[in-house]
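The structure under discussion appears below in the form of structure tokens.
This chain uses plain numbering: 1 for the first residue, then up along the sequence. Everything quoted here is computed from the prediction, not taken from an experiment. Just follow the structure's listing: the first ligand is 1, and inside any ligand the first atom is 1.
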Amino acid sequence: MTKQNVRVSDAKSGINMAITMAVSKSSLFTTAAQKPPVVPSGYMNITISRRKLLQLQDLDINGAARVNAWVDLMEASSPTHIKSTPSLSVSEDHSSWMDNHPSALDMFEQITNASKGKQIVMFLDYDGTLSPIVDDPDRAFMDNKMRKTVRKLAGYFPTAIVSGRCRDKVYNFVRLAELYYAGSHGMDIKGPSKGSKYEKCTQAVLFQPASEFLPMIDEVYQALIETTKSTPGAKVENNKFCVSVHFRCVDEKKWSELAQQVTSVLKEYPKLRMTQGRKVLEIRPTIKWDKGKALEFLLESLGYASCTDVFPVYIGDDRTDEDAFKVLRERGQGFGILVSKIPKDTNASYSLQEPSQVMDFLQRLVEWKRQTFKITTEDAKKT
Ligand SMILES: O=P(O)(O)OC[C@H]1O[C@H](O[C@H]2O[C@H](CO)[C@@H](O)[C@H](O)[C@H]2O)[C@H](O)[C@@H](O)[C@@H]1O
């Protein structure tokens, strides 16, 4: 355990304080595939500042300070705003981040070695992981090559799609009936339509822990459409158990106006909370449920609740995927892979740069499993 002193300052909300963080570098990592993350110094300031700003949600801070905090968060997630420590060059920062989060393609052998004798279970985020990020959320199509790869993958390993989108919408993009789907950030989980060869129990999986919030979500969706219609480029998306307010196509000068509009609507809904993804504000129930809980629920449904011979792999690109990466670290099982071209504070162990690399990684997994399966079957015939 090491301690790091960090100064948190945020001019707009007036926060300026020194805190001491305990950073554990070893206790959670049990396999060779799980390298302890050493947070590169160039990112510490951004990380803490963001965390502090996130805490603002829980404090009784109203009005301008709250709006400013959200605008800071919106800016912090925009690559053009991410600054590194002046003493380090961008390439130095990047290479030290890569040392701590190496490419999952480069580390393929180590990863498969660590999974030996265990059942791999695959968890895949959708936007930015299986499909590239595009301006129009309704046109975030997955290409056929990726679909074929995911289909083959699901033939070898139980596979789930875990998305912030509503389940029906993500299903319409993926169109593979053999998968598990966890939509609305895991608040809407359904097993394969024809059942699953992997499930140890026979009961069909359907889990919706936030169903009582449906009328409220519909109401807030309508209110957000009405309130944000004066902001050009803003797009409100109904994701059934949560709502997304997109600002990818909103002029940066209007971000503050949009944050103001959204927070003014949310003031009336204390049972809803706001988080942030890639150029999107996400509104969801305050229940303690997220992608990490969905991962645990799915492992349990598959009969792996307290098994030591399971190896979950979660691939995602977004802040909301961090909940799942964290669960894997805490369980000391499997690992997370962050899809990102730029260094980010993450609980993932490995990285991939973009969806095309995700496809390469999944193809290699399929090929590796095919080969291992062939060898095992041939050996069995010989004996
Ligand atoms: O958990 P995910 O599957 O990654 O879903 C998170 C959000 O993804 C979508 O928005 C993101 O992708 C869009 C299309 O590429 C892009 O335009 C947007 O800026 C991104 O934030 C989806 O539309 C949201 O509803 C999801 O919450």
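Of the charged side-chain nitrogens involved, none lies within less than 4.0 Å of a carboxylate oxygen, so that Arg319 and Glu322 do not count as a salt-bridged pair. Using a 4.0 Å cut-off between charged nitrogen and carboxylate oxygen, Asp188 and Arg167 count as a salt-bridge pair.
Taking the six-membered ring where tryptophan is involved, the planes of Phe297 and Phe207 are essentially parallel, since the angle between them stays under 30° and well short of 60°.
Relative to the six-membered ring of Phe108, Arg364 meets both conditions, a distance below 6.0 Å and an angle of at most 45° to the axis.
Residue Ser351 comes nearest to His101 through the heavy atom pair OG-O, 2.7 Å, listed as atom of the first residue, atom of the second, then distance.
Under 4.0 Å from any atom of ligand 1, one finds heavy atoms of residues Asp125, Tyr126, Asp127, Pro132, Ile133, Val134, Asp135, Pro137, Ala140, Ser163, Gly164, Arg165, Glu237, Asn239, Ser244, His246, Arg248, Arg278, Val280, Glu282, Lys291, Asp318.
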Checklist line | Derivation and outcome, side-chain hydrogen bond (donor to acceptor under 3.5 Å, both in side chains), residues Lys291 and Thr320 | finding: CA-CA 7 Å; Lys291 289 181 173 184; Thr320 56; 3.2 Å; yes
